[in-house]
Peer 1: 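What follows is a structure written as structure tokens; I'll ask about it next.
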Amino acid sequence: MKITWKTVAPLLIWLALYLMPVPAGLNANQWHYFALFAAVITALILESMPVGAIGLVGLTVAGLSGYVEHDPNKALRWMLGGFSESTVWLIVGAFVFSIGYRKSGLGRRLALLLVHHLGRRTIGLGYAVAFSDLVLAPATPSNTARSGGTIYPIVSNIPRIYGSEPGPTAGRIGTYVMWTAFATTAVTSSLFLTALAPNAAALAIAKRITGVEVEWSQWFIGFAPLGILLLILVPLLSYVVCRPEVKESPEIVEWSASELKTMGSLSRNEWIMAALVLLAMFLWICGSNPTISLPLLGSNFINPTMVVFVVISLMLLTGVIEFEDIVREKSAWEVFFYFTSLLTLSSGLNEIGFIKWVAEGYAKELAGLGPTLGLILLVSFFFWVHYFFSSITSHAAAVLPVVLAVGSSIPGLPIPTLTLLCVYSLGLMGVISPYATGPAPMYYGSGYIGKGAFWKLGLIFGVIYFAGLLLIVLPWLKVV
């Protein structure tokens, strides 16, 4: 491996933090683990090595050092724990779905249809992608299943039609289309209570701590002014920030019509793939709803990841894909190692008590503040501390109780408003980093969004989304 400043910088970050005096309230083990985590994140931002390698090296160092578990056997079990996480396999399954779309020809056909009807202008494609996520969101409680398993495999076929491939030509149109898809799912995940599983979990936590209850309609009404505005603006904002080289292409519309004619009627594998996609969507929607009975499954519930395994097995049995196709999907396995490592490393911060220390230390500074300033600072902390997490569920479980408890101690602070602003931010905060939410690693690993560009775009859109919470949702909640 060639040694450059990008490979040295993470080591310098680690060494500087490691040699610093340990802050009050922490022990050396906790602080040194944070130094390692900071070095890993720096390496990811700078692309010092392939992302999968960075995560694996960081995880190995953490395990050998015994930061989370001192016993060698327990440390190894902790290191391997992330490989059994259902979300990780859901992401890998979404990549396999994209193989099925690609091999069967269904993905190309759907992409050609979108291009034919809305591809005259690039901005039209952006709105088509955003609308597709919006339609699925209310009934799909897994944004990984919705965006990663359904939207991504289709939209990943669109750039190639315009001669935009991962790498040097990604900027032609690929970066714009893929970022619009990713940024949109963050908005829809906050717009509907049922569009993101952690939403309901966070409300359960809030009810237990503060007694605040929020119904589906109340959730939607409270976020709608910002959510609807962002759905209108995201394709436009992405267009301005990503600056696609292809602005309009009338000839592509005519070409896509001829290509559709050449493809003819749906092939056997396209029909099978379409049926399997509908089956997956049915199970994702109905299998997560306890009020809908699925007697053939022997249960009223089926995990979204189990749905993926069912559909992949059927794809293999029907010959839509071959097992060799799965083995050759390099991007899926790179994301697998990268996200598994980051998931385990970030959860380690919570397990050793580092997140609790950060939250409580921040909370002490708010004790004497007024209610409005206290509210803003608490929501700010809740949103931006997500850089330390690769799971929205674990974030809500670890940080929400602390934020609500601190808010309750500040006289005059409206707890229902604080609760809503925090739970609304769960979907939005998924845009800030390549590991912030389930679909993120897929778009990060697609090759259409540069690794460094992903962090930059995440920060830009994170700031916009967060500003919307404070400038639009906060005043609106005072009215309704």
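As a basis for the values below, the full set of heavy atoms in this structure was taken, side chains included, without hydrogen atoms, waters or symmetry mates. Since this is a predicted model, take the numbers as computed values, not measurements.
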Peer 1: Where do I232 and Y127 come nearest, in terms of heavy atoms and distance?
Peer 2: O-OH, 2.5 Å
Peer 1: Is it the case that the side chain of S190 and the backbone of L428 share a donor-acceptor pair, with hydrogens and angles ignored and the cut-off at 3.5 Å?
Peer 2: yes
Peer 1: What do you reckon, are the aromatic ring centroids of H395 and F382 less than 6.0 Å apart?
Peer 2: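 H395 vs F382: aromatic centres under 6.0 Å.
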Peer 1: Could you walk me through whether F192 and L134 satisfy the side-chain contact (heavy atoms from CB on, under 4.5 Å) test, starting with their C-alpha distance in whole Å, then the side-chain angles of each, then the deciding distance to 0.1 Å, before giving a yes or no?
Peer 2: CA-CA 10 Å; F192 303 103; L134 175 63; 3.8 Å; yes
Peer 1: Can you label the angle between the W179 ring and the F454 ring as parallel, tilted or perpendicular, going by 30° and 60°?
Peer 2: perpendicular
Peer 1: Would you please indicate if the ring centroids of F336 and W89 are separated by under 6.0 Å?
Peer 2: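 Yes; W89 has its ring centre under 6.0 Å from that of F336.
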Peer 1: Decide side-chain contact (heavy atoms from CB on, under 4.5 Å) for C422 and V403; before the verdict, give the C-alpha distance in whole Å, the side-chain angles of both, and the deciding distance to 0.1 Å.
Peer 2: CA-CA 9 Å; C422 286; V403 168; 3.9 Å; yes
Peer 1: Measuring only between side-chain heavy atoms, which start at C-beta, is Y435 closer than 4.5 Å to F389?
Peer 2: no
Peer 1: Counting only heavy atoms not in F83, do more than 12 sit closer than 6.0 Å to its CZ atom?
Peer 2: yes
Peer 1: Treating T122 as the side-chain partner and V246 as the backbone partner, does any N or O pair qualify as donor plus acceptor under 3.5 Å?
Peer 2: yes
Peer 1: Under 3.5 Å, side chain of R172 to main-chain N/O of Y162, donor-acceptor pair present?
Peer 2: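 Such a contact is found between R172 side chain and Y162 backbone.
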Peer 1: Would you please classify the geometry between the F182 ring and the Y443 ring as parallel, tilted or perpendicular, with 30° and 60° separating the classes?
Peer 2: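 The arrangement is tilted - the two ring planes meet at 30° to 60°.
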Peer 1: Parallel, tilted or perpendicular: which describes the rings of F461 and Y465, with under 30° parallel and over 60° perpendicular?
Peer 2: perpendicular
Peer 1: In sequence, state the C-alpha distance, the side-chain angles, and the governing distance for L64 and V61, and then conclude on side-chain contact (heavy atoms from CB on, under 4.5 Å).
Peer 2: CA-CA 5 Å; L64 280 173; V61 172; 5.9 Å; no
Peer 1: Flag the pair Y176 / Y239 as yes when their ring centroid distance falls below 6.0 Å, and as no otherwise.
Peer 2: yes
Peer 1: If I compare all heavy atoms of G438 with all of N143, which pair ends up nearest, and what's the gap?
Peer 2: N-OD1, 4.4 Å
Peer 1: Can you tell me if S147 uses its side chain to pair, donor with acceptor, with the backbone of T144 under 3.5 Å?
Peer 2: no
Peer 1: CD1/I158 to OH/Y448 distance, rounded to the nearest 0.5 angstrom?
Peer 2: 10.0 Å
Peer 1: Do you know which two heavy atoms are closest between N157 and P153, and how far apart they sit?
Peer 2: ND2-O, 2.6 Å
Peer 1: Side chain of T437, backbone of P439: donor and acceptor closer than 3.5 Å?
Peer 2: no
Peer 1: Can you tell me how far apart NZ (K207) and CG (L404) are? Round to the nearest 0.5 Å.
Peer 2: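 With rounding to 0.5 Å, NZ (K207) is 15.0 Å from CG (L404).
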Peer 1: Can any side-chain N or O of Y101 pair as donor or acceptor with the backbone N or O of Y152 at less than 3.5 Å?
Peer 2: no
Peer 1: Do side-chain atoms of T42 reach the backbone of P10 as a donor and acceptor pair under 3.5 angstrom?
Peer 2: no
Peer 1: Closer than 3.5 angstrom, by distance alone: can the side chain of N29 be matched with the main-chain N or O of Y67 as a donor-acceptor pair?
Peer 2: yes
Peer 1: Tell me yes or no: between the side chains of D133 and T184, is some donor less than 3.5 Å from an acceptor?
Peer 2: no
Peer 1: With heavy-atom distances below 4.5 Å as the criterion, would you say the side chains of V129 and M178 are in contact?
Peer 2: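 Of all side-chain heavy-atom pairs linking M178 with V129, none is under 4.5 Å.
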Peer 1: Quick one, F337 with L59, criterion side-chain contact (heavy atoms from CB on, under 4.5 Å). Give me CA distance, side-chain angles, the key distance, then yes/no.
Peer 2: CA-CA 10 Å; F337 280 101; L59 188 62; over 6 Å; no
Peer 1: Take the angle between the ring planes of F383 and F466 and call it parallel below 30°, perpendicular above 60°, tilted in between.
Peer 2: tilted
Peer 1: Return yes if some donor-acceptor pair links the side-chain N/O of S433 with the main-chain N/O of A436 below 3.5 Å, else return no.
Peer 2: yes
Peer 1: How far apart are the closest heavy atoms of I173 and P159, and which atoms are they?
Peer 2: CG2-CA, 3.9 Å
Peer 1: Rounded to the nearest 0.5 Å, how far does CH2 of W78 lie from CG of L345?
Peer 2: 5.0 Å
Peer 1: Do V423 and V214 come within less than 4.5 Å of each other through their side chains, counting heavy atoms only?
Peer 2: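 SC-SC contact between V423 and V214 ruled out.
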Peer 1: Distance-only, no hydrogens or angles: does the E329 side chain make a donor-acceptor pair with backbone N or O of I326 under 3.5 Å?
Peer 2: no
Peer 1: Scan side-chain atoms only and decide if R243 and T175 contain a donor-acceptor pair under the 3.5 Å cut-off.
Peer 2: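 No - no donor-acceptor pair under 3.5 Å links their side chains.
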Peer 1: Any chance you could measure M79, atom CE, to T344, atom OG1, to the nearest 0.5 Å?
Peer 2: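 Spacing of CE (M79) from OG1 (T344) equals 9.0 Å.
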Peer 1: Any chance you could measure S341, atom OG, to I54, atom CD1, to the nearest 0.5 Å?
Peer 2: 10.5 Å
Peer 1: Kindly give the heavy-atom pair with the smallest separation between P21 and W31, and that separation in Å.
Peer 2: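 Looking at all heavy atoms of both residues, the closest pair is O-NE1, 4.4 Å.
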Peer 1: Does K247, at its NZ atom, have more than 12 non-hydrogen atoms belonging to other residues, nucleotides or ligands within less than 6.0 Å?
Peer 2: yes
Peer 1: Give, for atom CG of L375 and atom CD1 of I410, the distance between the pair rounded to the nearest 0.5 Å.
Peer 2: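 Reported value, rounded in 0.5 Å steps: 8.5 Å.
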Peer 1: Looking at K103 and V320, what are the two nearest heavy atoms and their distance?
Peer 2: CB-O, 3.9 Å
